[in-house]
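Throughout, residue positions are numbered sequentially from 1 according to the sequence presented. Values below: every heavy atom of this structure, side chains too, minus hydrogens, waters and symmetry copies.
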Amino acid sequence: MKPKHTILLFYKYTPIDNPEQLRNEQRLLCERLGLKGRIITAPEGINVTVEGTTENIEKYLKVFLSDPRFSDTHIKRSSGTGSAFPKLSVKARKEIVTLGKSLNEVKSKGKVIKPEELKEWFQTKKVGEDFYIVDLRNDYEFRVGRFKGSMIPENMQNFRDVPHVLNQLEPMKDKPMITVCTGDVRCEKA
């Protein structure tokens, strides 16, 4: 049986020429469909977490995914209650995740590896020698739980501190580095 309500969680890094126009379009679409949650648009893309009836979520996705900029977006869904968010917030900002540098300015990109490959690395290589695991979550998240052998840069309290701690990662630049985040949106940007 389909859940009555669905929560969507997704992001897409792609150049957006007019984030304000996209913000306005998203607001109108969500208001028409009765969706609540948070949407951020920026020149570097879009970040969305919304909830609505399953029927209206499907209508939203039909419109959203018909836009060529977003047609290949990886969408995460979960069952909702209808009360996950108190209101709708749709904002245009400089970045979809605050770091002080737009992803559109970045010239190179990291490689995404599959969980099976990471498992193989743990079985055949040494963390801290053959590869590094750098945790980019907030410091309290790191204290709660982490991968064995992972590290968090000194004086890093939250993701916005990444530009200030990059020099600590310089000695590791010649080895593979796995980044850990609570959501892909931060790791992809980092």
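- The side-chain heavy atoms of Val165 and Leu169, taken from C-beta on, include no pair separated by under 4.5 Å.
- Under the 4.5 Å side-chain criterion, counting only non-hydrogen atoms from C-beta, Arg23 is in contact with Glu20.
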Verdict with reasoning, Leu65 to Tyr60, per side chain to side chain contact (heavy atoms under 4.5 Å, CB included): CA-CA 9 Å; Leu65 295 172; Tyr60 171 85; over 6 Å; no
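- Connection of Val127 to Met172 is not established within any shared hydrophobic cluster, with ILVMFWY side chains joined at heavy-atom distances below 4.5 Å, either directly or through further cluster members.
- Note that OG1 of Thr179 is 11.5 Å distant from CZ of Arg137, once rounded to the nearest 0.5 Å.
- Contact annotation: the side chain of Met151 never approaches that of Tyr132 to less than 4.5 Å [non-hydrogen atoms, C-beta and beyond].
- The minimum heavy-atom distance between Thr49 and Ile7, with the atom names listed, is CG2-CG2, 4.5 Å.
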Show, in sequence, the C-alpha distance, side-chain angles and deciding distance for Lys62 and Glu58, and conclude whether the salt bridge (Lys or Arg N to Asp or Glu O under 4.0 Å) test is met. CA-CA 6 Å; Lys62 186 174 182 180; Glu58 293 306 318; over 6 Å; no
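- Hydrophobic clustering (ILVMFWY, side-chain heavy atoms < 4.5 Å, transitive): Ile178 and Val162 are in distinct clusters.
- A chain of hydrophobic side-chain contacts below 4.5 Å, direct or via other Ile, Leu, Val, Met, Phe, Trp or Tyr residues, connects Ile39 to Ile75.
- Of all non-hydrogen atoms in Pro176 and Trp121, the two that sit nearest each other are CB-CH2, 3.6 Å.
- Annotation: the span from Leu8 atom CG to Leu61 atom CG amounts to 5.0 Å, rounded to 0.5 Å.
- Within the 4.5 Å cutoff, the side chain of His5 has no heavy atoms near those of the Thr81 side chain.
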In sequence, state the C-alpha distance, the side-chain angles, and the governing distance for Ile152 and Val134, and then conclude on side chain to side chain contact (heavy atoms under 4.5 Å, CB included). CA-CA 6 Å; Ile152 187 169; Val134 180; over 6 Å; no
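- Put simply, CD1 on Ile113 and CZ on Phe131 are 8.0 Å apart, with the number rounded to the nearest 0.5 Å.
- Surrounding CZ of Phe147 are at most 12 heavy atoms belonging to other residues, nucleotides or ligands under 6.0 Å away.
- Remark: Glu44 CD to Thr14 OG1 distance equals 11.0 Å, nearest 0.5 Å.
- Checked against the 6.0 Å centroid threshold, Phe10 and Phe70 do not count as a close aromatic pair.
- Contact of the Leu35 side chain with the Asn56 side chain is registered, since non-hydrogen atoms from C-beta on lie closer than 4.5 Å.
- Side chain of Asp161 to main chain of Asn158: a donor-acceptor pair is present (N/O by atom type, distance under 3.5 Å, no hydrogens or angles).
- The hydrophobic cluster containing Ile46 does not contain Leu9, counting ILVMFWY residues as joined when their side-chain heavy atoms lie under 4.5 angstrom apart, directly or transitively.
- Although no hydrogens or angles enter the test, the distance criterion places a donor-acceptor pair under 3.5 Å between the side chain of Gln168 and the main chain of Glu154.
- Contact detail for Arg32 and Leu29: the closest heavy-atom pair is NH2-CD1, 3.1 Å.
- With values rounded to the nearest 0.5 angstrom, Asn47 atom CG is found 13.0 Å from Lys91 atom NZ.
- Judged by the 6.0 Å and 45° rule, Arg146 forms a cation-pi pair with Phe142.
- The side-chain heavy atoms of Leu22 and Glu25, taken from C-beta on, include a pair separated by under 4.5 Å.
- Ring geometry for Tyr11 against Tyr13 counts as perpendicular: the plane angle is over 60°, on a 0 to 90° scale with 30° as the lower cut.
- In terms of heavy-atom proximity, Cys181 sits nearest to Leu136 at SG-CB, 4.0 Å.
- Atom-to-atom distance recorded for Ser150:OG and Lys148:NZ is 11.5 Å, nearest 0.5 angstrom.
- The hydrophobic cluster containing Leu33 also contains Phe64, counting ILVMFWY residues as joined when their side-chain heavy atoms lie under 4.5 angstrom apart, directly or transitively.
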Full working for salt bridge (Lys or Arg N to Asp or Glu O under 4.0 Å) between Glu170 and Lys173: CA-CA 5 Å; Glu170 188 70 23; Lys173 72 178 184 179; 3.1 Å; yes
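- Other residues, nucleotides and ligands contribute only 12 or fewer heavy atoms inside 6.0 Å of the CD atom of Glu55.
- Of all heavy-atom pairs spanning Leu88 and Cys30, the tightest one is CD2-CB, 3.6 Å.
- Put simply, the side chain of Lys12 reaches to within 4.5 Å of the side chain of Asp72, judged on heavy atoms.
- With respect to Glu51 and Arg38, no salt bridge is recorded, no charged nitrogen being found less than 4.0 Å from a carboxylate O.
- In terms of modelled atom types and a separation under 3.5 Å, the side chain of Lys36 and the main chain of Ala84 share no donor-acceptor contact.
- Counting heavy atoms from C-beta outward, Leu118 and Pro115 have side chains that stay 4.5 Å or more apart.
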